[in-house]
Amino acid sequence: MQETLLQQGLDITVFGMGIVFTFLLVLVIGTSIMSRIIVRNFPEAEPVAPVSGNQRDDSPRLRAIAKAAIQKHRERNK
Amino acid sequence: MQETLLQQGLDITVFGMGIVFTFLLVLVIGTSIMSRIIVRNFPEAEPVAPVSGNQRDDSPRLRAIAKAAIQKHRERNK
Amino acid sequence: MQETLLQQGLDITVFGMGIVFTFLLVLVIGTSIMSRIIVRNFPEAEPVAPVSGNQRDDSPRLRAIAKAAIQKHRERNK
Amino acid sequence: MDNLINLWQSSGVYQMASGQFAMIVVGLLLLFLAIRKNFEPLLLVPIGFGGILANIPGADLALSAAETAIVSGDSGVLLQMAQLLGVDGGDVYAVKEALANAPAAVKTQAAQLAIDSGFSNGMLYNFYNVAIASGAAPLVIFMGVGAMTDFGPLLANPRTLFLGAAAQFGIFATVLGAVGLSVAGIMDFSIADAAAIGIIGGADGPTAIYVSSLLAPELLGAIAVAAYSYMALVPLIQPPIMRALTTPEERKIEMVQLRHVSKREKITFPLLLLILVALFLPDAAPLLGMFCFGNLMRECGVVARLSDTAQNALINITTIFLGLSVGSKLAADKFLDPKTLGILALGIVAFSIGTACGLLMAKLLNLVSKHKVNPLIGSAGVSAVPMAARVSNKVGLESNPHNFLLMHAMGPNVAGVIGSAVAAGVMITMVRSMTG
Amino acid sequence: MDNLINLWQSSGVYQMASGQFAMIVVGLLLLFLAIRKNFEPLLLVPIGFGGILANIPGADLALSAAETAIVSGDSGVLLQMAQLLGVDGGDVYAVKEALANAPAAVKTQAAQLAIDSGFSNGMLYNFYNVAIASGAAPLVIFMGVGAMTDFGPLLANPRTLFLGAAAQFGIFATVLGAVGLSVAGIMDFSIADAAAIGIIGGADGPTAIYVSSLLAPELLGAIAVAAYSYMALVPLIQPPIMRALTTPEERKIEMVQLRHVSKREKITFPLLLLILVALFLPDAAPLLGMFCFGNLMRECGVVARLSDTAQNALINITTIFLGLSVGSKLAADKFLDPKTLGILALGIVAFSIGTACGLLMAKLLNLVSKHKVNPLIGSAGVSAVPMAARVSNKVGLESNPHNFLLMHAMGPNVAGVIGSAVAAGVMITMVRSMTG
Amino acid sequence: MDNLINLWQSSGVYQMASGQFAMIVVGLLLLFLAIRKNFEPLLLVPIGFGGILANIPGADLALSAAETAIVSGDSGVLLQMAQLLGVDGGDVYAVKEALANAPAAVKTQAAQLAIDSGFSNGMLYNFYNVAIASGAAPLVIFMGVGAMTDFGPLLANPRTLFLGAAAQFGIFATVLGAVGLSVAGIMDFSIADAAAIGIIGGADGPTAIYVSSLLAPELLGAIAVAAYSYMALVPLIQPPIMRALTTPEERKIEMVQLRHVSKREKITFPLLLLILVALFLPDAAPLLGMFCFGNLMRECGVVARLSDTAQNALINITTIFLGLSVGSKLAADKFLDPKTLGILALGIVAFSIGTACGLLMAKLLNLVSKHKVNPLIGSAGVSAVPMAARVSNKVGLESNPHNFLLMHAMGPNVAGVIGSAVAAGVMITMVRSMTG
Ligand code: NA
Ligand code: NA
Ligand code: NA
């Protein structure tokens with residue numbers, strides 16, 4: 001039984017980790033294709049200012065954005 | 001059986017429509033009596049400006065009212 | 001049975017009232033000890049203006065406070 | 001043509017027993033009191049409306065599937081039910097009675113039989129089961145009340161807890177009164193009924209509903225209506241008693257300003273109360289536990305969004321269903337009973353005695369203590385938050401226009417909530433050990 | 001290695017039957033219509049999403065524990081189930097069918113067997129039971145709709161109730177149509193199915209869901225989808241009919257200004273409606289009772305916080321679960337059936353006939369009454385609040401740019417809600433007496 | 001006098017076993033951590049309070065009616081229960097054990113016997129059943145989290161999904177650790193226990209509760225407490241690991257600005273994820289389905305009122321009951337067990353390994369890709385949204401005061417949520433096929 005338990009644990013680890021990676025790989029590919037199709041075929045009229053970045057020259061603005069983002073997400077984690 | 005089904009359908013239609021009309025007729029009568037009693041016996045101090053209408057002379061105001069009403073009722077329809 | 005019912009009623013009254021008083025007495029004692037410990041060991045930086053009172057000289061302010069309190073508690077009683 | 005006859009027979013006019021008609025009038029009266037006279041409208045509007053719905057003849061909204069099957073007039077189903085319950089099938093009332101007293105397993109079978117015959121639970125029956133029979137709704141409302149309660153005035157002057165304790169004598173005097181009516185042969189209340197009626201004197205709606213759902217569900221409608229009606233009548237019931245039991249000099253007593261209560265004390269208090277309940281009064285744990293939980297959410301400062309929801313969306317949703325569910329217990333055969341008159345009579349006695357005892361306890365405190373309390377705040381010990389505290393303030397202002405007792409009266413007022421929850425716990429335990 | 005095979009066999013691709021694939025496409029189509037075309041998004045987003053979830057192969061989200069056990073591929077459990085249900089264990093479909101038709105006591109045993117074998121109810125199955133099978137969600141939504149409804153325009157012009165009555169002929173014509181399809185041998189609808197399909201013509205979502213949950217649960221998915229889709233299509237369906245049945249002169253009729261309606265009338269109306277329902281139409285009591293309750297909370301002015309919750313948090317929460325629950329009935333084997341096509345075809349007929357009857361009734365009223373109504377407001381009698389009233393207004397403006405019919409059309413519009421709830425009550429009673 | 005003895009015996013002091021006392025202290029400790037140390041207060045306040053309530057001796061708030069009957073001290077009922085369950089009536093523990101392992105039909109009979117003897121379910125037992133045993137509350141919270149999640153940063157840089165994948169190795173390493181402890185004879189975890197403990201490493205509360213309610217309900221209390229506590233400790237646990245596994249140069253890497261993500265991509269992403277789940281991972285359908293549903297409501301723009309309710313009233317109400325229900329699993333006999341120490345020890349290992357693997361994966365990505373990522377964002381892959389992302393940002397600023405990593409770290413952060421939901425689905429399937 002103990003050996004079986006170990007075997008079961010290894011099975012879960014190997015297959016589990018494999019499936020997590022495989023699934024997220026498929027999701028990366030799917031997302032990339034989806035984004036490419038949308039960006040090419042349905043360009044938005046006027047792309048708004050990018051959400052974030054890290055140029056030096058406007059760190060106060062970025063700090064404000066970061067602060068707002070933190071604020072927004074603070075209650076998310078339940 | 002098929003004939004019975006047809007008969008059942010006709011029964012539902014005739015009686016159903018009859019009852020809908022009868023009930024709403026009773027409701028019209030009841031509402032009218034109720035309104036008359038209230039308007040006569042409990043007149044409101046100062047009737048506010050009427051809710052709607054269709055005079056030509058102030059269509060912008062009415063349009064605003066209509067717009068507000070649409071706004072108000074937009075989420076009602078579930 | 002009737003005599004028993006009366007006995008039961010008396011039991012409930014005597015023990016019930018006794019326990020209500022005893023429990024609230026314990027609560028008074030507990031609360032007083034708790035408050036003393038906290039007030040002594042964890043004094044608040046700056047005690048804000050007292051919540052209420054009844055000096056004559058600033059009854060309008062107090063009336064406003066009372067009004068706000070009433071307002072606040074008005075919906076509480078369900 | 002048969003269809004037309006069926007429809008007519010299913011119509012209300014054909015089926016309306018005079019009892020149901022009377023109860024619809026009672027429901028309309030409750031709505032009138034709630035809407036025009038502002039009698040605790042948050043509860044009495046749903047209760048009154050639920051009472052009308054429960055008494056629509058032929059709609060069976062307050063009945064279970066099995067009860068609907070029994071009263072449906074389908075003699076085949078009635079016979080099967082009677083057989084299952086082991087009674088004579090000809091008598092609808094006997095079969096209903098047998099169902100009510102059947103063991104749980106038989107009730108399940110009766111429900112299955114009814115479902116197989118195409119019947120289903122009425123809407124209000126389902127609401128009652130989920131909201132009240134489970135105990136959930138009164139407890140959730142108590143949590144919301146806890147989240148709305150500021151214990152500051154109580155903590156500034158903990159002696160006022162005694163006022164809240166004394167006012168609970170209204171509860172126990174009423175228990176004795178109900179027992180007395182039974183002993184005298186005027187009414188027929190069991191000890192469980194008496195305890196449930198007594199709790200009206202607690203002047204606290206959810207507590208009264210919680211206790212009577214456990215001890216006397218068939219009286220719940222009358223008890224809830226009495227409790228909320230008298231709470232609304234506090235401004236009429238209390239002042240004469242207050243004036244009769246106090247001298248003008250006593251009514252003029254000005255109280256020392258309440259001290260500032262720190263955040264830390266307010267956070268610790270619900271935990272202290274919870275611990276004391278855990279140690280000494282486990283039977284009050286559901287009510288006081290949820291009350292303390294609500295208050296801790298309010299005061300701890302780190303779960304503002306939960307506290308806000310407990311005070312708004314959650315308590316409002318629960319109030320709607322609680323009210324409709326209470327209304328489902330306003331069935332004619334239960335409410336139109338001499339017992340209801342007894343309950344109404346005992347209820348006002350309970351309020352009056354509670355008020356008087358709170359006042360007298362305040363006078364007693366003044367005998368043994370150097371910081372005098374204005375005895376008018378004693379009447380606030382019945383709870384009926386915040387109405388009773390406002391009455392204390394108002395009567396106080398009559399004698400001394402500069403004497404604002406409101407905040408001082410909030411102490412005994414919330415103490416009364418704790419006191420009646422304690423009394424509820426004690427009574428539930430004692431009645432169960434007496435009848436169990 | 002076995003594990004890998006197990007996982008692959010449990011994966012969707014392996015298990016996806018073409019029916020489920022098709023239903024996922026249908027779900028995506030509903031989402032597209034809701035999001036891009038603004039088809040009643042508050043309902044069709046949850047319904048479409050629920051439909052996709054319900055058709056994820058191997059996830060069994062819409063199945064009960066017993067159904068999951070049967071389709072799980074575990075032949076031991078299947079055999080036990082078959083034995084319990086008294087059918088041949090080799091045929092999954094036969095066992096499922098037997099379970100669906102089993103008496104309640106056997107269903108309980110099947111559920112216990114499934115639980116003991118480690119199966120549990122799917123998420124959407126639980127949502128459906130709590131929200132729809134209990135009847136609660138459509139009724140709570142109706143309460144919220146009541147709390148959002150202003151009966152002012154109706155009270156100012158009660159004759160418009162006749163327009164709401166006439167438009168209900170769409171319901172009954174559709175019942176006849178469904179019966180006709182069955183008699184002709186094209187479809188196979190029972191009388192209960194026909195009644196449930198007819199109610200699509202009521203153009204009122206919660207009413208349609210409530211009726212079909214009682215009379216034809218297996219058609220609920222298709223009926224709800226049809227009802228909401230056609231409500232969204234009202235601006236396309238109605239105008240041609242409106243133009244065809246009215247002359248330009250009629251469309252130009254200007255209506256007299258609506259009189260002011262007092263608060264007292266607005267408070268009394270829901271109570272009057274409730275009393276009439278109690279007297280004459282107990283079977284419409286759940287729907288109209290909750291509707292009147294919501295409206296009374298709105299108008300009485302003393303329970304603003306309850307009314308506000310009924311219109312916001314409560315109706316939103318209920319809508320989310322109602323929508324997902326309706327989606328759970330979009331199972332491939334029920335929806336991908338010629339019946340669905342029949343339902344869709346009959347639904348549009350229902351809307352068209354309802355629209356036409358409302359218009360014709362308005363013209364009839366003009367023959368017998370001196371205050372003329374613009375017949376365009378008749379089409380609003382189908383309900384579809386407030387879309388149909390807006391369509392009346394828009395078509396009216398085409399003919400007379402100064403003619404604002406919106407408020408006038410709100411009268412028949414809300415009358416249509418009452419009318420279809422009445423029709424629902426009548427049909428439920430009649431079908432039950434026919435089939436019971 | 002008997003009554004006084006009864007009351008004393010029913011009081012907590014008389015009944016308090018030392019285990020319950022210890023658990024009340026644990027509950028107070030959790031409240032202290034939540035309120036003073038700000039440890040995930042939205043969950044730990046209700047959990048801690050629920051834990052205290054569950055351990056009030058004599059109140060039996062976390063027990064079913066049948067369990068209450070067994071521990072009530074009523075020897076007659078105990079004997080009947082023992083007879084029903086086929087065990088010796090003298091031993092309360094044996095009877096409780098037999099009840100826990102009884103088939104569903106016998107459990108129903110035991111419940112009926114208890115109800116007939118006047119016992120009822122405890123408040124917290126009811127909350128647990130409705131909120132957690134049904135699976136509903138964690139899923140509703142996941143829906144709300146979906147409605148609060150912005151996938152923009154993830155969509156701008158989909159490679160960060162790999163960081164979220166790698167960090168899930170913490171889960172599986174912990175499974176191996178738990179198995180190892182069992183094999184070594186130190187603990188006695190089954191494979192289901194090990195899987196439920198592993199999910200702590202997912203750093204995602206509702207996922208952990210959902211998985212352990214299915215696989216190891218008796219460990220749910222300890223697992224939830226560990227998961228939320230370590231999520232609160234992320235700012236202490238992660239930075240040393242982050243500094244140890246990265247060079248100062250790596251920590252200074254500045255990342256290219258995130259591209260703008262269009263509305264259309266944001267709407268399509270939850271649907272894409274749902275479709276992939278439907279195709280490949282049906283067992284993750286409840287969790288990821290509800291997550292995607294919440295996110296679609298957020299992004300689609302046409303159901304703002306539903307999205308708003310999902311993010312506020314609904315998630316708050318659910319959190320209150322979820323927390324109290326988790327607290328109900330903090331019973332002394334389950335929590336005061338060496339297993340809890342094992343769970344706490346394994347939990348911190350899980351977090352550490354997850355953090356390390358996320359960092360290492362980021363370094364690996366840098367080896368094969370020309371757009372460098374700052375490896376500090378890899379640690380955010382454990383989820384613990386948004387704490388872990390904030391830690392990445394903070395540690396990044398220490399090395400380069402102009403390097404704002406927050407938005408870059410949000411990508412792996414939400415990827416970690418998806419990753420652990422996938423891992424949860426895989427483990428549920430595999431464990432069921434192993435034990436079923
Ligand atoms: Na009280
Ligand atoms: Na209609
Ligand atoms: Na994670």
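Everything numeric in this text was worked out from a predicted model, so none of it was measured. Naming: A, B, ... by sequence-line order, numbering from 1 per chain.
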Note: vs chain E, highest number of non-hydrogen pairs under 4.5 angstrom among B:T22, B:I37, B:L25 is B:L25
Between B:S32, B:G30, B:S35, who has the most heavy-atom pairs with chain E when the cutoff is under 4.5 Å?
B:S35
Measure centre to centre between the rings of E:F151 and E:F291, then say whether the value is under 6.0 Å.
yes
Please determine if E:R432 and E:D283 form a salt bridge, counting it only when a charged side-chain N lies under 4.0 Å from a carboxylate O.
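Salt bridge between E:R432 and E:D283, a charged N being under 4.0 Å from a carboxylate O: no.
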Salt-bridge test for E:E265 and E:R259: reply yes if a basic N is under 4.0 Å from a carboxylate O, no otherwise.
yes
Heavy-atom closest pair, residues [X] and [Y]:
X	Y	answer
E:L215	E:A195	CD1-CB, 3.9 Å
E:I377	E:H408	CD1-O, 3.8 Å
E:I171	E:G201	CG1-C, 3.7 Å

Tell me yes or no: between the side chains of E:E254 and E:N374, is some donor less than 3.5 Å from an acceptor?
no
Can you check whether E:L406's main-chain N or O pairs, donor with acceptor, with E:R390's side chain at less than 3.5 Å?
no
Using heavy-atom distances under 4.5 Å, tell me whether [X] contacts chain E through its side chain, its backbone, both, or neither.
X	answer
B:V39	side chain
B:L24	both
B:M17	both

Pairs of heavy atoms under 4.5 Å with chain B: top-ranked of E:I275, E:V175, E:L322, E:L273:
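The answer is E:L273.
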Give the member of E:L176, E:V417, E:V422 that has the highest number of heavy-atom pairs under 4.5 Å with chain B.
E:L176
Please classify the contact between [X] and chain B as side chain, backbone, both or neither, with a heavy-atom cut-off of under 4.5 Å.
X	value
E:S190	backbone
E:A166	both
E:F142	neither
E:L276	both
E:A194	neither

